[in-house]
Amino acid sequence: MKNKNQNFETKCVHAGIKEYEFGPVVPPIYQTSTFKFKSTSHGASLFKGEEEGYIYTRMGNPTIEAMEDAVAELEGGYKALGCGSGMAAIHTCLVSLLNHGEHLICSKAVYGPTNTLIKNVLSKFNIETTFVTTSKIEDIKNAVRPNTRVIYIETPGNPTLEIADLGETAKIAKSINAKLVVDNTFMSPALQQPLTLGVDIVVHSMTKFLNGHADVVAGIIVVKDKETYTLFRKTLNQLGGVIDPFNAFLVHRGLKTLSIRIEKQCKNSMQIAEYLENHTKVEWVRYPSLKSHPEYEIGLKQHKGHGAMISFELKGGFNAGETMMNHVELCQLAVSLGGVETLIQHPASMTHLSMGKDARKEAGITDGLVRLSVGIENVDDIIADIDHALSKII
Ligand SMILES: *Cc1c(COP(=O)(O)O)cnc(C)c1O
């Protein structure tokens, strides 16, 4: 059957696909909420877990499982759990791992709603969190407490693109018997495979690179062993944040082009980052392939390519950001990332406006900061659009 030594591009096209009635090349969409039992004893053995099969779509569905198996294979995991959004995946994962009164260490540069989930929801259950700069390994070590059970990292971080050393962090987690969870949304398994570096669990917003077409909201958790899988599956079934068969089908379709999309996006990004670094209206550029990136060396060690996310600071601050946003035409002024279309946004005037200037400063969100998610368009067209918008800044 499957050749374990297949290369990543090949796995993207074929992973997770099984044999189905009538021999379709693509997994059928089993758009059904429930599955018939052959008899009471069949139903009983499915419920007891003695026999493999499907009962009810919240508990499992062949279309969803095909996509889950594909992502698990691409990440080098044992199994995966498809969720209705990245946030559902993160919530299910943290709630499964943490008990009342335990301690969590989390990246400071974490996705905004993850920060809010930790501060507003987990805190209700007396789970304490220390937010640290996870690009500084000493800061992680110093945050450890006797009851630390989980270290949660996003790398590269959002929107600062700071990079945490996953191998070194995995050693700390192991030494204190805590689980290391990594949000791999920004890189995808095409560029970074945390499980191979000693990380225990990977989560994703599949809304971004994995689906890649800006038409689905979905998430996933990838685990390394059966025990964790069983624990997470029970929690997911109880919390109910599952993906539906149609979205699972769309994500599985998107995965087939993951490798080729990312390759083009990395290539475009490098050219755009270099263009920006030489532009007189740009103060600085953060992109992991640039030697000016503070964790350039760590990036080289753990990335196969440096992704499609670029942050840069405009010299004119807040007003320059607004001017640029209002003059792009090809680059879409929108949040989210990882799709085939180039997206641009200015956190200070958009996503992080309500945070207030001081809190923004603390989170590294300066007034002229612009975030770009580079798509697969011809790079000359993207640069021409950026160039035109930058020329409007006075
Ligand atoms: C978008 C995103 C999430 C949340 O995912 P949703 O699918 O929007 O719920 C989590 N982490 C990162 C890094 C993201 O970019």
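Order of appearance sets the numbers: ligands from 1, and atoms from 1 within every ligand.
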Protein contact to atom 7 (O) of ligand 1 [nearest heavy atom, distance to 0.1 Å] |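 Heavy-atom neighbour on the protein nearest atom 7 (O) of ligand 1: T207 OG1, 2.7 Å.
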
Just to confirm my output: which protein heavy-atom neighbour is closest to atom 10 (C) of ligand 1, and how far is it?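 In this structure, atom 10 (C) of ligand 1 has Y111 CD2, 3.4 Å as its nearest protein heavy atom.
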
*Y296 vs H306 aromatic rings, parallel, tilted or perpendicular, using cut-offs 30° and 60°?*
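If you compare the ring of Y296 with that of H306, the planes turn out tilted.
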
Tell me whether the NZ or CZ atom of K226 lies within the 45° cone about the ring axis of F232 and under 6.0 Å from its centre.
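Not satisfied by the 6.0 Å and 45° rule.
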
Note: R145-E128 ion pair, threshold 4.0 Å (strictly below)
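Yes, charged N to carboxylate O under 4.0 Å.
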
Between E295 and K301, is there a side-chain N and carboxylate O pair less than 4.0 Å apart?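 The answer is no: the pair does not qualify as a salt bridge.
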
Practice prompt. For K79, enumerate each residue passing the side chain to side chain donor-acceptor pair (under 3.5 Å) test, keeping only those at least two apart in sequence or located in another chain.
Written response: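 Result, side chain to side chain donor-acceptor pair (under 3.5 Å) vs K79: E65, D69.
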
Practice task
Just let me know how A218 lines up against ligand 1, side chain, backbone, both or neither, with a heavy-atom cut-off below 4.0 Å.
Solution key: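 For A218, the contact with ligand 1 is made by the backbone alone.
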
Ligand 1 and [X], any nitrogen or oxygen pair closer than 3.5 angstrom?
{"X": "M87", "answer": "yes"}
{"X": "G86", "answer": "yes"}
{"X": "T114", "answer": "no"}

ask   = Between the candidates D183, I90, T185, which shows the shortest non-hydrogen contact distance to atom 11 (N) of ligand 1?
value =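 Heavy atom nearest to atom 11 (N) of ligand 1 belongs to D183.
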
Worksheet item: Who gets closest to atom 14 (C) of ligand 1 by heavy atom: E154, K208, M206?
Response: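 It is K208 whose heavy atom sits nearest to atom 14 (C) of ligand 1.
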
_Suppose the criterion is side-chain hydrogen bond (donor to acceptor under 3.5 Å, both in side chains): which pairs have a residue in residues 22-40, not counting sequence neighbours?_
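Sorted pair list: S39-S41.
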
